[in-house]
Amino acid sequence: MIKEASEKDKSAIYNLWQSSFSIKNSEMINCFFNYGMNEGKVILCEKDEKLVASVFMHDMNIMFHNRLLKSVFLSHIAVHPDYRKTSSLDECLKNVIDECEKKALFTFVEATSYKFWENYGFQEGTLHRYYELNERHFENVSQNDVFEDASALEMKEVYEAFMKHFDGYKVRSLHDFELMIQEAKSMNERILMVRHRAKPMGYIRFSTEKKQVKAKEIIYLGSNAFLRLCKAALGTNDLIILELSEAEHIERLFPLAIPRKRVEVMVRCNNFPLFNKLYNARVKTSKEAYALTKKPRFMNEKY
């Protein structure tokens with residue numbers, strides 16, 4: 001049976017995720033239950049009187065080619081180990097995709113299993129570039145004007161200014177940034193804000209483990225803001241790992257930096273006739289549709 005999760009299903013969902021995800025991170029799951037679950041809905045497959053598969057649907061608006069498009073991001077896809085060779089997850093996903101086709105032009109998913117998602121009509125959406133930098137890259141960089149008091153309003157202001165250079169991105173509300181700050185605190189992450197004469201110029205959200213810093217998001221207005229944020233986040237640690245969009249070539253700042261590239265987000269166009277009518281196009285694939293824009297694409301959502 002396919003159904004939408006209710007409050008009474010939380011305990012069963014928690015157990016399902018603990019048994020399904022390769023990284024049994026109770027902190028991550030608790031964070032989602034506290035802050036993320038109310039931002040969408042969980043679709044469940046129930047068999048033998050227990051939950052065996054789940055998909056989280058997060059409705060969002062994206063800016064695409066000067067239009068605000070209703071879209072859906074899928075995450076927390078889980079199937080109980082005892083049911084992995086059954087049709088449980090397939091039933092759940094087909095139900096979800098059918099709903100997406102009726103209400104959204106694009107559906108997105110994190111590209112954790114490329115071949116798997118191709119079976120459901122998803123194709124390459126955005127590439128990310130990963131850089132590993134150490135203190136030598138920031139020897140002459142100042143940490144002045146970097147503070148640990150980022151506000152949701154400032155983050156929203158910087159994000160909107162940064163996104164003028166991109167397309168295909170989620171239009172985030174003030175609530176989204178309030179949620180991000182709460183999530184970061186619960187996950188023992190930090191958010192730093194850089195300002196110039198009291199004007200917000202960028203922020204970085206990151207975690208630190210075993211002397212390595214992993215930046216989950218860095219939004220900045222100018223290279224000076226970028227460098228100061230990286231320097232402050234790195235601190236006395238050995239390494240900072242940056243995850244950037246395909247268009248952000250920091251080789252201009254660090255000529256010897258060699259990025260790793262990876263497909264990060266996959267996309268599915270749910271209605272080609274409607275898409276082609278809206279944009280006066282003749283695309284036949286989801287990859288072509290999402291690449292229609294002339295601006296670089298940015299998609300850094302996880303749910």
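Residues take their numbers from the sequence shown, with the count starting at 1.
Within the structure, salt bridge (Lys or Arg N to Asp or Glu O under 4.0 Å) pairs that include any residue of residues 224-242 comprise Asp145-Arg228 (at least two apart or interchain). Sequence neighbours left out, the pairs with a member in residues 254-266 that pass salt bridge (Lys or Arg N to Asp or Glu O under 4.0 Å) are Arg262-Glu264, Glu264-Lys302. Listed by first then second residue, pairs satisfying salt bridge (Lys or Arg N to Asp or Glu O under 4.0 Å) with a partner in residues 116-128 read Lys115-Glu118, Glu124-Lys287, not counting sequence neighbours. Judged as a side chain to side chain donor-acceptor pair (under 3.5 Å), the pairs with a partner in residues 289-300 (not counting sequence neighbours) are, in order, Asp167-Thr293, Glu217-Asn300.
For the side chain to side chain contact (heavy atoms under 4.5 Å, CB included) criterion with Arg205, the lone passing option out of Met155, Lys214, Met180 is Met180.
Phe64 places none of its side-chain heavy atoms less than 4.5 Å from the side chain of Leu105. Contact check for Lys284 versus Glu288: side-chain heavy atoms found under the 4.5 Å cut-off. Using a 4.5 Å cut-off on side-chain heavy atoms (C-beta onward), Phe162 and Leu221 make contact. With contacts defined as side-chain heavy-atom distances shorter than 4.5 Å, the pair Lys211/Thr236 qualifies.
Residues passing the salt bridge (charged side-chain N to carboxylate O under 4.0 Å, His left out) test with Lys102 are Asp98, sequence neighbours excluded. Residues satisfying the side chain to side chain contact (heavy atoms under 4.5 Å, CB included) criterion with Glu7, sequence neighbours excluded, are Lys10. With sequence neighbours excluded, the residues that form a salt bridge (charged side-chain N to carboxylate O under 4.0 Å, His left out) with Glu157 are Lys199. Judged as a ring-ring contact (aromatic ring centres under 6.0 Å, His included), and not counting sequence neighbours, His249 has no contacts. Residues satisfying the ring-ring contact (aromatic ring centres under 6.0 Å, His included) criterion with Tyr120, sequence neighbours excluded, are Phe116. Looking at residues two or more places apart in sequence or on another chain, you find a salt bridge (charged side-chain N to carboxylate O under 4.0 Å, His left out) between Asp59 and Lys103. For the salt bridge (charged side-chain N to carboxylate O under 4.0 Å, His left out) test, residues two or more places apart in sequence or in another chain that qualify with Glu101 are Arg268.
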Would you mind writing out the side-chain donor-acceptor pairs for residues 75-83 within the sub-3.5 Å range, not counting sequence neighbours?
unit_1	atom_1	unit_2	atom_2	d
His80	ND1	Asp82	N	3.0
Tyr83	OH	Asp48	OD2	2.5

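Atom CG of Leu256 is separated from atom CZ of Phe254 by 11.0 Å, given to the nearest 0.5 angstrom.
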Run the numbers on Thr107 and Asn270 for side chain to side chain donor-acceptor pair (under 3.5 Å), then give the verdict. CA-CA 7 Å; Thr107 303; Asn270 297 318; 2.9 Å; yes

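No chain of hydrophobic side-chain contacts below 4.5 Å, direct or via other Ile, Leu, Val, Met, Phe, Trp or Tyr residues, connects Met266 to Met60. Two different hydrophobic clusters hold Leu127 and Ile62 under the rule that ILVMFWY side chains link at heavy-atom gaps under 4.5 Å. In this structure, Leu192 is a member of the same hydrophobic cluster as Ile181, with clusters built from ILVMFWY side-chain heavy atoms closer than 4.5 Å.
Summarising the local packing, NZ of Lys94 is surrounded by 12 or fewer heavy atoms from other residues, nucleotides or ligands at distances under 6.0 Å.
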